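Source: prediction; values computed, not measured. Only this structure's heavy atoms are used, side chains among them; waters, hydrogens and symmetry mates stay out.
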Amino acid sequence: MYEHYFQCPYCWEEISVLLDPSMRRQTYIEDCEVCCNPIEFHVSFENNELQGFEVRNVEQ
């Protein structure tokens with residue numbers, strides 16, 4: 001597992017997430033552990049190295 005820190009697009013708090021490098025491309029939604037708003041994650045790995053990481057707020 002790979003720990004990555006990022007800023008929540010809602011509350012701007014820095015939080016961490018555990019990423020699985022065995023999956024090359026990942027898109028999923030997870031709630032912020034601080035403000036509980038849904039965050040959409042777009043993650044990509046190549047040769048077990050993080051190549052892309054983007055978070056977006058989920059329009060409600």
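Asn57 is not listed as a side-chain neighbour of Ile39, based on a closest heavy-atom distance of 4.5 Å or more. Counting heavy atoms from C-beta outward, His42 and Gln26 have side chains that stay 4.5 Å or more apart. Between Phe53 and Leu50 there is a side-chain heavy-atom pair separated by less than 4.5 Å. Residues Ile29 and Val58 are in side-chain contact: their nearest non-hydrogen atoms beyond the backbone lie under 4.5 Å apart. No side-chain heavy atom of Val34 sits under 4.5 Å from any side-chain heavy atom of Cys8.
A distance-only check finds a donor-acceptor pair linking the side chain of Asp20 to the backbone of Ser22 [under 3.5 Å]. Judged by distance alone, the side chain of Tyr2 and the main-chain N or O of Val17 form no donor-acceptor pair under 3.5 Å. Formation of a donor-acceptor pair under 3.5 Å by the Gln7 side chain with backbone atoms of Trp12 is found in this model.
Ring geometry for Phe41 against Tyr28 counts as parallel: the plane angle stays under 30°, on a 0 to 90° scale with 60° as the upper cut.
Met23 and Val43 are members of different hydrophobic clusters when ILVMFWY side chains are connected at heavy-atom separations under 4.5 Å.
Distance check, rounded to the nearest 0.5 Å: CD of Gln51 to CZ of Arg25 gives 9.5 Å. How far CD of Glu49 is from OG of Ser44: 12.0 Å, rounded to the nearest 0.5 Å. Glu30 CD to Asn37 CG: the interatomic distance, rounded to the nearest 0.5 Å, is 13.5 Å. A distance of 3.5 Å separates CD1 of Ile15 from CZ of Phe6, quoted to the nearest 0.5 Å.
Taking all atoms of both residues into account, the shortest heavy-atom contact from Val55 to Pro9 is CG2-CD, 4.2 Å.
One side chain, Glu3 or Ser16, offers a donor N or O that lies under 3.5 Å from an acceptor on the other.
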